[in-house]
Amino acid sequence: MKLLTTEFYRRPTLTVARDLLGKVFVRREGGDTLSGRIVEVEAYHQDGDEAAHSFGGERERNRVMFRDGGLLYVYFTYGMHFCMNVVTEREGTGAAVLIRALEPMEGVARMRENRGAGKTDVELTNGPAKLCQALGIGRGENGLSLDGGIVGMYDDGAAPGAEIGISTRVGISRSTELPWRFFLTGNRWVSRGRPSHPTI
DNA sequence: CAGTCGATGTACT
DNA sequence: GTACATCGACTGG
């Protein structure tokens with residue numbers, strides 16, 4: 001597996017979002033390695049995207065989004081959940097890609113422990129807060145570099161293996177919602193919804 | 001199945 | 001006070 005370099009992230013956010021499909025996210029927790037293939041993402045950008053946390057400028061909560069691409073941006077929401085993003089583009093630009101679903105690879109037993117009893121394989125990582133819980137991602141991982149230490153993103157040479165579907169994002173209630181959600185069509189771990197456009 | 005709704009902390013109006 | 005890039009439990013068909 002080849003670690004993605006910072007060059008990968010420091011490109012236009014929509015390009016990075018599409019290219020992340022099929023890549024392998026690796027999280028080292030204690031002595032365990034937890035990993036999964038990315039099957040669903042959403043792009044967020046400071047410019048013209050009212051739903052982005054970075055819209056309206058840099059603040060304490062979103063400051064990692066404004067740093068150079070290649071970091072993990074983790075936020076807390078709904079009083080109980082964490083979600084994780086990959087920061088894109090360059091210092092000063094508030095942009096990131098939300099990881100919405102993974103297909104588990106290594107460390108499934110540990111993911112099951114982290115999620116709690118009674119979960120099916122699909123339920124381990126078929127949503128942004130679920131996958132963070134499965135991988136043990138929380139406040140402490142906000143701002144970490146994807147350098148392959150605690151967290152990393154890899155290309156294992158596998159093609160995405162499915163067509164890419166596009167739709168509006170999930171859970172956004174603004175009037176100007178954008179078709180910035182990308183997913184592998186037919187993958188069991190994709191969280192929900194249907195493509196509003198045919199696949200590309 | 002689909003639809004509804006409560007949980008629960010934080011940031012912002 | 002209200003909204004929130006969510007989840008899981010519950011309802012009714």
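In what follows, chains carry the letters A, B, and so on, assigned in the order in which the sequence lines appear, proteins first and then strands, with residues in each chain numbered from 1.
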What's the CZ-C1' distance between A/Phe55 and B/dA11, to the nearest Å?
17 Å

Any idea which of C/dG8, C/dA5, C/dC7 is nearest the A/Tyr44 side chain?
C/dA5

Measure CG/A/Leu98 against P/C/dT6 and give the value in whole Å, please.
8 Å

Listed range with range, the stems formed with DNA chain B by at least 3 consecutive Watson-Crick or G-U pairs (under 3.5 Å) are B:1-7 with C:6-12, B:9-12 with C:1-4

Side chain of A/Met65, heavy atoms from C-beta onward: which of B/dT10, C/dC7, C/dA5 has the nearest atom to it?
C/dA5

Nearest to the side chain of A/Arg115, which nucleotide is it out of C/dG8, C/dA5, B/dT10?
C/dG8

Look at the side-chain N and O atoms of A/Arg139 and state whether any lies under 4.0 Å from the OP1 or OP2 oxygen of B/dG9.
no

Salt bridge flag under 4.0 Å for residues A/Asp68 and A/Arg90:
yes

Is the shortest side-chain N/O distance from A/Arg61 to OP1 or OP2 of B/dC12 below 4.0 Å?
no

To the nearest Å, how far apart are A/Leu131 CG and C/dT6 P?
12 Å

Do A/Asp121 and A/Arg188 sit within salt-bridge range, that is, some charged N less than 4.0 Å from a carboxylate O?
no

With sequence neighbours left out, which residue pairs that include part of residues 75-88 of chain A fulfil the side chain to side chain donor-acceptor pair (under 3.5 Å) condition?
A/Thr13-A/Thr88

Test item: A/Arg115 side-chain N/O and A/Glu123 main-chain N/O as donor-acceptor pair under 3.5 Å
yes

Roughly, in whole Å, what's the span from NZ in A/Lys130 to P in C/dA9?
10 Å

Whole angstrom is fine here: how far is it from CD in A/Glu123 over to C1' in C/dT6?
15 Å

Can you label the angle between the A/Phe82 ring and the A/Phe76 ring as parallel, tilted or perpendicular, going by 30° and 60°?
tilted

Of C/dA5, C/dC4, C/dC7, the nucleotide closest to the side chain of A/Ser173 is C/dC4

Once you round it to whole Å, what is the distance between P of B/dG9 and CD of A/Glu60?
20 Å

Figure out the CZ/C1' separation between A/Phe82 and C/dC7, and round it to whole Å.
15 Å

Can you tell which of B/dC12, C/dT6, C/dA5 lies closest to the side chain of A/Arg59?
B/dC12

Would A/Glu7 and A/Arg10 pass as an ion pair if we require N to O under 4.0 Å?
no

Backbone N or O of A/Ser191 within a donor-acceptor pair of the A/Glu40 side chain at under 3.5 Å?
yes

Could you go over nucleotides 3-8 of chain B and give all protein N or O partners under 3.5 Å, atom names and distances?
from, atom 1, to, atom 2, distance (Å)
B/dT8, O2, A/Tyr78, O, 2.3

Check for a donor-acceptor pair, side chain of A/Ser35 on one end and backbone N or O of A/Val26 on the other, with a separation under 3.5 Å.
no

Using modelled atom types only, decide if a donor and an acceptor are shared between the side chain of A/Asn62 and the backbone of A/Arg59 within a distance under 3.5 Å.
yes

Ion pair check, A/Arg11 and A/Glu89, cut-off under 4.0 Å
no

Hey, which sits more toward the 5' end of DNA chain C by its nearest nucleotide, A/Gln133 or A/Ser54?
A/Ser54

